[in-house]
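Structure first, commentary second.
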Amino acid sequence: MVVQNLPGMKEGYAVLVDLDKCIGCRACQVACKDWNGRPAEMTKFSPTFTNPPDLTADDWKVVFYYEDMTKKALLLPSGEKIFEQVDIGPLPFQCMHCADPPCARSCPVGAIKVTAEGAVVINKDECIGCGYCATACPFRVPKRGSDGKFYKCTFCIDRIQNGMLPACVEACPTGVFKFGKASEIISAAQDMQAKGKLVYGLNLDSYVGGGTRWIYASSDRRSFAIKKHFADRGKPVATQQSREILKQLIVYGGALGALLLAGLELVAWRKSRVEEKTQVKEESR
Amino acid sequence: MKRVKIISNSYRIAHTHNLHFIAFLSITGVTLMAIEYFSWLAYIVGLPFAPYMNTDPVTAGVQVFRVLHRIFGIAWGGLIIIYGCYLFCSGNLRVIDALKKPIGQQIQEAKALAGLYLFGKPLPSDVKERLERHNVFVAYLALLLAIGFALLALSGVGLMLRFALGLSDQTAALLLFLHDLGFGITVLFVLLHVFASLHPANRPLLEAMFGDGYAPFEWLKDHMQAFIKRYNIAPEE
């Protein structure tokens, strides 16, 4: 891990994703690919509309589609009729840009930088392809490219630093993404939470720094997409957490143990020398 | 002075090369594990390679270490397997003999040895009589080392073939943890082993290991009495 100065959770930028507005058109997915010059690739069918089935080294943003039963209301002359219907909940997904990214902590060469804007970016030239980032990421985001290096969403840091919106944010026809200063976005997310919407990205585990810069919100109608998508994502990676503890134990415990044993050794040698000298003196007498 | 050969040539060769391999693999591995403390080392190594690799010296150094770690890891694994097979097949694997003693005797021996190492207390005569070529501490340390080596070797091979075998990120994360755990166990072994081998009570043993393999018979009478009796070793000039 290379020590980095991380911007606070309320510093830099963030994005609020309002899933209620998402129509699943994939304009964000295409815009991401287009802006970042990622090539097209062969894909495969999956049981859902999600295509490709997961993020890849060339697909840094993918719209996931989830299905569930949702309650709908039909207004009839006889009165309101509530019924259940299968609904599809699209969820645009990319790197979550954690407040304290475990991928950056695990990178042995410090190739993953956290910019002042809060973007978590892999520097391609510094990446050695060890894959530690992929093993540490609780959202399973970094993916290995054909050149052996790892790739993921850059938060369009090149656009942000030039006063533009991220490509996906700009391309969305229904205004799903609200990009802005992190403090404002967090307040907006908290307001939505107060109104009873399901919000994901605030108050997360300290493993990711307590939160992410991409915050998802949805009403009851689409909340199943958030629940299903993040059911097994975002949890601390136990093996990586254990590695972080083990590293401290080995480095500090090893150094302390060596010092302690060296001290004991010195005492033993001193004692042995004194005994030898006494023996020599007695023999000479 | 009467001297007895207690360390075979094969043991000395295997020990010396093991020492080299562990030292080299530790340095190259710990740099990857804790770059915040060892980036200076990666910088020194990477500086000449950085212009050719089109990157900064630290990244170049880590990459050089990573490649060497794999090459030396394979070589070390080969040494361990060959020497392990030799010991097993020739019936010379006696290092865990002390574990066959009753547990009460093992505790008594451990207490007496700890007293000797930490406070310079002389060994009680009944314990002295039962001391084998390898005492109970050596036997348990050997077990510790075997566990550490097994974790390092298996997880290391898995990590090296991670992409070829198509292992998932979760499996790779587990292998990385096991590799670090194996290293932690090995560090613990090395600390205790170096302490014991540098202790003045074991000086003749250290000289034998890095000398010609012979130790004074007088010292053996105090530290390996059961071994001398069992093999009916006659002191030679």
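Each chain gets a letter, A, B and so on, in the order its sequence line appears, and its residues count up from 1. Side chains are part of it too, since the values below use all heavy atoms of this structure and drop only hydrogens, waters and symmetry mates.
- B:Phe183 approaches A:Ile250 most closely through the heavy-atom pair CE2-CG2, 3.8 Å.
- Side-chain atoms of B:Arg66 come within 3.5 Å of backbone atoms of A:Ile128 as a donor-acceptor pair (strictly under, hydrogens ignored).
- In this structure, A:Val251 and B:Ala34 approach most closely via the heavy-atom pair CG2-CB, 4.2 Å.
- The shortest heavy-atom contact between A:Leu264 and B:Phe195 is CB-CE1, 3.8 Å.
- Contact of A:Arg273 with chain B is not made at all, since no heavy-atom distance falls under 4.5 Å.
- Contact count against chain B (heavy-atom pairs under 4.5 Å) is highest for A:Gly131 among A:Gly131, A:Gly253, A:Ser272.
- Each of B:Leu176, B:Leu174, B:Leu175 was scored for a side chain to side chain contact (heavy atoms under 4.5 Å, CB included) with A:Thr239, with one residue passing: B:Leu174.
- A:Glu126 places no side-chain N or O within donor-acceptor distance of the main-chain N or O of B:Asp56, the cut-off being under 3.5 Å.
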Margin query: Does A:Thr135 form a side-chain contact (heavy atoms from CB on, under 4.5 Å) with B:Gln170? I'd like the steps, not just the answer.
Written below: CA-CA 6 Å; A:Thr135 60; B:Gln170 287 79 6; over 6 Å; no
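- Counting all heavy atoms, side chain and backbone alike, A:Arg243 lies closest to B:Phe177 at CG-CA, 3.8 Å.
- Residue B:Phe24 qualifies as enclosed at atom CZ: its count of foreign heavy atoms under 6.0 Å is above 12.
- Side-chain contact between B:Leu181 and A:Leu246 is present, with at least one heavy-atom pair separated by less than 4.5 Å.
- Under the 30°/60° scheme for interplanar angles, the aromatic rings of A:Phe150 and B:Phe163 are found to be tilted.
- Residue A:Glu265 holds its CD atom at 10.0 Å from CG of B:Leu118, rounded to the nearest 0.5 Å.
- Proximity to chain B (any heavy atom under 4.5 Å) is restricted, for A:Gln248, to the side chain, taken from C-beta onward.
- Neither the backbone nor the side chain of B:Val30 has a heavy atom closer than 4.5 Å to any heavy atom of chain A.
- Looking at heavy atoms from C-beta onward, A:Lys247 lies out of side-chain contact with B:Asp180 at the 4.5 angstrom threshold.
- The residue among A:Gly129, A:Gly148, A:Pro142 with the most heavy atom pairs within less than 4.5 Å of chain B is A:Gly129.
- Remark: the backbone N or O of A:Cys130 is paired with a side-chain donor or acceptor of B:Arg162 at under 3.5 angstrom.
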